[in-house]
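Written out below as structure tokens is the structure these notes cover.
As the structure is a computational prediction, the values presented were derived from the model and not from experiment. Naming: A, B, ... by sequence-line order, numbering from 1 per chain.
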Amino acid sequence: MDERWEPLEEDFWNLPTLEAARHLLGRYLVHETPAGTLVGRIVETEAYLGPDDRAAHSYGGKVTQRNRVMFGPPGYAYVYFIYGMHECLNVVTAEAGVPHAVLIRALEPVASAAEMARRRGLPPEEVERRLARGLPEPRLTSGPGRLTQALGITRAHYGHDLRRPPLYLTRGEPVPDRLVGRSPRIGIDYAGEARDYPWRFFLRDNPYVTRFPRRKPEREGGGEADLILRAKR
DNA sequence: GAGTTGATCACT
DNA sequence: GTGATCAACTCT
């Protein structure tokens with residue numbers, strides 16, 4: 001039998017946020033739409049641990065219209081709009097009152113890639129051909145703004161329970177530690193000391209993981225997800 | 001390196 | 001309420 005499509009274990013939502021971010025890797029994100037069931041496998045995440053994390057929207061602990069769902073119980077969607085054009089999806093983690101969330105940064109397409117291509121403004125047949133040949137098509141779902149566009153996720157999903165259709169998580173294909181990489185988070189240079197926290201998790205050598213913008217790998221291998229430290233400022 | 005608009009914040 | 005600032009990004 002195929003466990004990939006089973007619901008997430010219910011005690012997943014009891015995990016501390018950094019473990020949740022690590023163990024979201026390999027899971028399937030499923031969106032059932034009239035145009036098809038869009039599915040991607042999570043290959044990159046970032047943890048945001050307010051109120052002490054300067055990069056988190058919940059930094060400082062103040063509840064706003066935008067961040068309020070982060071303060072609620074885990075398992076719900078925090079979708080925000082950024083740079084005037086992109087939507088980003090987070091999974092709320094940690095118990096109510098602890099404003100943590102995990103940003104989904106990249107997916108690997110699993111089903112309905114042609115429909116994802118349409119939504120992304122890419123030629124569906126061409127994309128399907130590439131994927132059928134085993135070639136990657138990162139423009140589909142590589143990046144937090146791209147994957148929401150590909151799966152049709154918007155602020156209309158704000159506060160949605162990610163255990164329920166039409167948008168939910170399943171067990172997917174679990175990932176062993178040796179395939180997990182770790183690094184500082186992307187795009188938060190303003191966040192002071194928090195910019196160096198290694199709270200980004202990704203699948204090693206997966207073509208859908210976003211590139212490293214500003215750091216060099218320090219070392220290789222290692223059983224436990226090993227650290228990649230920033231080179232300079 | 002520019003684009004684009006909404007959320008937040010410091011004020012009136 | 002009003003206006004300034006700037007963002008957990010993407011594409012050229």
Side-chain angles (χ1 to χ4, degrees), chain A residues 17-18 20-22 24-25 29 40 42-72 74 76-94 98-109 116-123 126-127 136-159 162 181-202 207-215 228 230:
Chain A
T17 299
L18 291 176
R22 150 70 179 86
L24 276 170
L25 296 177
L29 178 64
I42 298 173
V43 300
E44 180 180 347
T45 62
E46 283 178 358
Y48 288 85
L49 279 63
D52 300 321
D53 173 7
R54 287 183 67 177
H57 290 161
S58 52
Y59 175 64
K62 179 174 179 170
V63 180
T64 67
Q65 188 65 14
R66 182 176 68 162
N67 71 16
R68 65 192 150 79
V69 70
M70 289 184 76
F71 289 80
Y76 294 84
Y78 168 39
V79 185
Y80 66 88
F81 185 66
I82 188 74
Y83 291 113
M85 54 189 99
H86 307 294
E87 318 260 359
C88 295
L89 171 68
N90 292 251
V91 177
V92 173
T93 57
V98 179
H100 291 183
V102 176
L103 172 67
I104 308 301
R105 285 197 55 89
L107 303 174
E108 174 183 279
M116 293 184 198
R118 266 175 227 115
R119 292 170 182 266
R120 287 276 302 131
L122 299 170
E126 200 174 305
V127 166
E137 186 48 90
R139 288 176 303 170
L140 223 42
T141 50
S142 177
R146 286 170 168 175
L147 73 90
T148 53
Q149 186 180 20
L151 267 69
I153 298 166
T154 70
R155 280 161 291 169
H157 295 99
Y158 186 95
L162 292 169
R182 239 182 123 159
S183 82
R185 294 167 294 179
I186 291 175
I188 55 156
D189 282 353
Y190 59 85
E193 71 283 354
R195 65 192 264 167
D196 294 322
Y197 300 165
W199 290 351
R200 173 172 177 252
F201 299 82
F202 56 91
Y208 291 89
V209 171
T210 61
R211 76 182 189 294
F212 282 73
R214 64 168 200 255
R215 52 189 66 69
I228 293 174
R230 75 172 30 261

Grab the two heavy atoms, one from [X] and one from [Y], that are nearest each other, plus how far apart they are.
| X | Y | value |
| --- | --- | --- |
| Glu87(A) | Val79(A) | OE1-CG1, 3.9 Å |
| Thr141(A) | Tyr208(A) | OG1-CD2, 3.7 Å |
| Phe202(A) | Arg182(A) | CE2-N, 3.5 Å |
| Phe201(A) | Leu18(A) | CZ-O, 3.7 Å |
| Pro144(A) | Cys88(A) | CB-SG, 3.9 Å |
| Ser142(A) | Ala106(A) | CA-CB, 4.2 Å |

Whether Arg195(A) side chain and Asp189(A) backbone form a donor-acceptor pair below 3.5 Å: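 Answer holds: yes.
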
Consecutive-pair stems (at least three Watson-Crick or G-U pairs, under 3.5 Å) that include DNA chain C: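 B:1-3 with C:9-11, B:5-11 with C:1-7 - these are the stems of 3 or more pairs that involve DNA chain C.
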
Heavy-atom contact window of chain A on DNA chain C, given 5' to 3' at under 4.0 Å: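 With heavy atoms of chain A under 4.0 Å away, the range is dA7(C) to dC11(C).
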
Reading 5' to 3' through nucleotides 6-12 of chain B, protein heavy-atom contacts under 4.0 Å coded B for base, S for sugar-phosphate only, - for none: SSSS---

Row check, Tyr48(A) ring normal vs Arg185(A) NZ/CZ: under 6.0 Å, within 45°: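 Relative to the ring axis of Tyr48(A), which defines the angle, Arg185(A) lies inside both limits.
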
Neighbour count >12 (heavy atoms, 6.0 Å) for atom CZ, Arg139(A):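 Incorrect, the count does not exceed 12.
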
Criterion side chain to side chain contact (heavy atoms under 4.5 Å, CB included) on Arg200(A) and Val209(A), from CA distance to verdict: CA-CA 11 Å; Arg200(A) 173 172 177 252; Val209(A) 171; 3.5 Å; yes

Sugar-phosphate only, base, or nothing, as touched by Arg139(A) at under 4.0 Å among non-hydrogen atoms: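 Nothing, no heavy atom under 4.0 Å.
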
